[in-house]
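Here's the structure we're looking at; comments come further down.
In the text below, chain A, chain B and the rest are named by the order of the sequence lines, each starting its count at 1.
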Amino acid sequence: MLDLNFVCENRDAVEENCKNRGVKLDLNRLVELRDQRSEWIQKGDELRREQKEVSGQIPKAKDNDERQTFIAKGKELREEVSTAEAKQKEVEEELFDLLKQIPNMTHPDAPIGEEKDHVTLRTWGDIPNYDYKPLDHVDLAEKHDLIDFEAGTRVAGHGFYFFKNEAVLLEMALVQFALTKLRQKGFTLYSTPDLAKDEVLEGTGYIPRGPETQIYSITGTDLSLVATAEITLGGSMKDQIVEHADLPLKMAGLSHCFRTEAGAHGRASRGIYRVHQFTKVEIFAFTAPTLEASDAIHQEIVDIEEEIFQELKIPYRVIDTPTGDLGGPAYRKYDLEAWMPGRGEAGEYGEVTSASNCTDFQARRLGVRTKVPEQKGNQFVHTLNGTAVAISRAMIAVLENHQQADGSIMIPEVLRLWTGVDKIG
RNA sequence: GGAGAGAUGGCAGAGUGGCCGAAUGCACCGGUCUUGAAAACCGGAGUGCCAGCAAUGGUACCGGGGGUUCGAAUCCCCCUCUCUCCGCCA
């Protein structure tokens, strides 16, 4: 969420930003509502002031007549106050509903445009030339009995799967590899709840229970299944004031991720590329409220993501996400797209990580603040999130990139400590 | 799941209808004293919202929501959380 007064005072810039991000909103209405809100607050404050004054007179009244007069006046004021409060609430409901729909401002260097207008910042690794037709992960999994899609469907429906045999070892190894690396780099490790309160989801910018929601919710409770540990790690500091000296808080969280993938039917989704549940190690950071501080961590997160895929020996490219594809909270977002030899006709890049700087957009809604030395008042911190390893996507990249001409799959060196085997098949 | 106790400012902890945004202590900041520090003493200090260029003023906030009342930290109802005991359980 942006700051209300910021929006009203920078209408042109906010409007331009909405346009770039493909969001249509009526900012005139917002300003109108802001003004109405001020008026009702002022009216209510004044009425309450009178109310206090009148009720303060009652114990000092000199006779019963005067007393009754004050009581009558007090009753009258109580009615007026409650009217003003109702009006204020009504205005605020519409106001904040609008405000919440406004996306974050955007980094000036982020490419403007839609998904197809993305900018490739750099590529790493050579895309191999195969003298045979490489299999995709579905065929590889079948060949080596690694994923049971039928069982997944029987148990939970389309979009669910069982990992089997070496795939389970690989999942655990990828998790261990990511967590160990992040710990070495000074991140505090967490394994986090798989459910969170709706208000926490909303605080991080996710919208549970809507008509096209990506979120599974638990009926009869205010809990939903998390789509990422970004939600739980961000929510972990809800309404807290963080010591400035403790920033940045660098966290790594392990959780399952659940996504309905509503509206995703028909998009390329063979195998485990787009599934309803997967395991993920997520990176999250709270930083001091300056772009210097959060940009620095943003870079650090991308560096770690690249290091992980380099050590897994998987070719990738880094994408600077264009405005139209940023999502609400992000100020800037980089994606890693790994080469997937079995994808499409002759291999394609597929998204495996993302890294977002959300500046103070999530922190405002979550109420995470810090007191900056030499400055008065508290300020909202900046938050960032990034993928260390999303198992389903990483699994595809590992299986497809490390397949051999004889159909076997080599386990990347860095994972063998945990898999205990160095080859599948 | 059952029984009981509790939730007040950064922390501890008073406060049972108006004199309470709230005593007191600790911690914190400024000063006096001191060669310096400590101690002692003096003073300051919460968060949000609204108005204002600002100084400032107003208002709200005693776990959350609702109610009673002219007036609620204080009375009533609901909820959440914490602690203790019992049961169940990976």
Side-chain angles (χ1 to χ4, degrees), chain A residues 1-10 30-100 191-203 217-224 232 235-247 249 256 289 360 362-381:
Chain A
M1 186 168 68
L2 289 178
D3 178 70
L4 175 60
N5 288 321
F6 172 86
V7 175
C8 293
E9 284 157 22
N10 299 274
L30 186 90
V31 174
E32 210 171 283
L33 288 163
R34 193 268 309 250
D35 294 344
Q36 283 178 23
R37 173 172 180 263
S38 297
E39 278 169 35
W40 284 114
I41 288 174
Q42 285 174 58
K43 195 165 280 183
D45 281 358
E46 174 57 22
L47 286 167
R48 271 183 291 268
R49 196 193 58 71
E50 285 176 41
Q51 195 179 33
K52 279 167 88 166
E53 197 179 296
V54 169
S55 64
Q57 303 281 350
I58 290 171
K60 298 182 218 146
K62 50 184 187 300
D63 55 43
N64 195 46
D65 272 4
E66 194 180 67
R67 208 181 143 77
Q68 291 310 319
T69 311
F70 282 135
I71 288 174
K73 179 67 182 164
K75 280 187 177 173
E76 205 176 290
L77 283 166
R78 185 170 64 193
E79 289 307 308
E80 289 181 56
V81 166
S82 96
T83 306
E85 282 174 349
K87 283 286 187 187
Q88 182 189 333
K89 193 176 165 193
E90 185 187 317
V91 169
E92 283 184 344
E93 248 168 59
E94 190 185 341
L95 173 64
F96 287 111
D97 187 58
L98 251 179
L99 185 62
K100 284 181 220 164
S191 80
T192 84
D194 286 339
L195 282 81
K197 293 178 189 168
D198 289 339
E199 63 179 77
V200 172
L201 289 263
E202 283 161 13
S217 294
I218 310 294
T219 306
T221 75
D222 63 346
L223 293 170
S224 294
T232 46
S236 69
M237 297 304 288
K238 188 169 146 53
D239 295 322
Q240 301 302 298
I241 295 174
V242 185
E243 287 291 339
H244 191 265
D246 293 342
L247 295 172
L249 296 181
H256 291 115
D360 61 0
Q362 290 177 321
R364 179 169 295 105
R365 192 90 177 267
L366 285 169
V368 187
R369 292 154 296 160
T370 190
K371 164 95 181 67
V372 180
E374 316 289 311
Q375 293 182 32
K376 62 173 181 178
N378 293 314
Q379 293 181 42
F380 294 109
V381 300

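By the 4.0 Å N-to-carboxylate-O rule, Lys238(A) lies close enough to Glu199(A) to be salt-bridged with it.
One P atom belongs to C61(B), the other to G9(B), and the distance between them is 15 Å to the nearest Å. Taking atom P in both A54(B) and C49(B), one finds a spacing of 14 Å when rounded to whole Å. When the P atom is used for both A37(B) and U74(B), the distance is 47 Å, rounded to whole Å. Rounded to the nearest Å, the gap between the C1' atom of C76(B) and that of U82(B) is 24 Å. Of the P atoms belonging to G15(B) and C29(B), the separation is 31 Å, rounded to the nearest Å.
Residue Gln51(A) is classed as a sugar-phosphate contact, given heavy-atom separations below 4.0 Å to backbone atoms only. Across all strands shown, Ile41(A) has heavy atoms under 4.0 Å from sugar-phosphate atoms exclusively, and none from any base.
Contact between the side-chain N/O atoms of Ser55(A) and the OP1/OP2 oxygens of U69(B) is not found at any separation under 4.0 Å.
Side chains of Ile241(A) and Thr370(A) form no contact here, defined as non-hydrogen atoms less than 4.5 Å apart.
Interatomic distance, CD of Glu92(A) versus NZ of Lys87(A), reported as 14.0 Å (0.5 Å rounding). Annotation: the span from Asp194(A) atom CG to Leu223(A) atom CG amounts to 12.0 Å, rounded to 0.5 Å.
Distance from the side chain of Asp45(A) is smallest for U59(B) among the nucleotides C50(B), C70(B), U59(B). Which of C49(B), U47(B), C70(B) sits closest to the side chain of Lys75(A) comes down to C70(B). Nearest to the side-chain atoms of Lys52(A) among the listed nucleotides A51(B), G58(B), A60(B) stands A60(B). You'll find that the side chain of Arg49(A) is closest to G58(B), out of G58(B), G48(B), C70(B). Checked against C70(B), G48(B), G58(B), the side chain of Arg78(A) finds its nearest nucleotide in C70(B).
If you measure from atom CD of Glu79(A) to atom P of U69(B), you get 10 Å, rounded to the nearest angstrom.
Place Glu46(A) and Ile71(A) on RNA chain B by their nearest nucleotides, and Glu46(A) ends up nearer the 5' end. Residues Arg37(A) and Lys371(A) both approach RNA chain B. Their nearest nucleotides, taken by heavy-atom distance, put Lys371(A) toward the 5′ side.
Remark: side-chain polar atoms of Asp360(A) are not paired, donor with acceptor, to backbone N or O of Ala363(A) under 3.5 angstrom.
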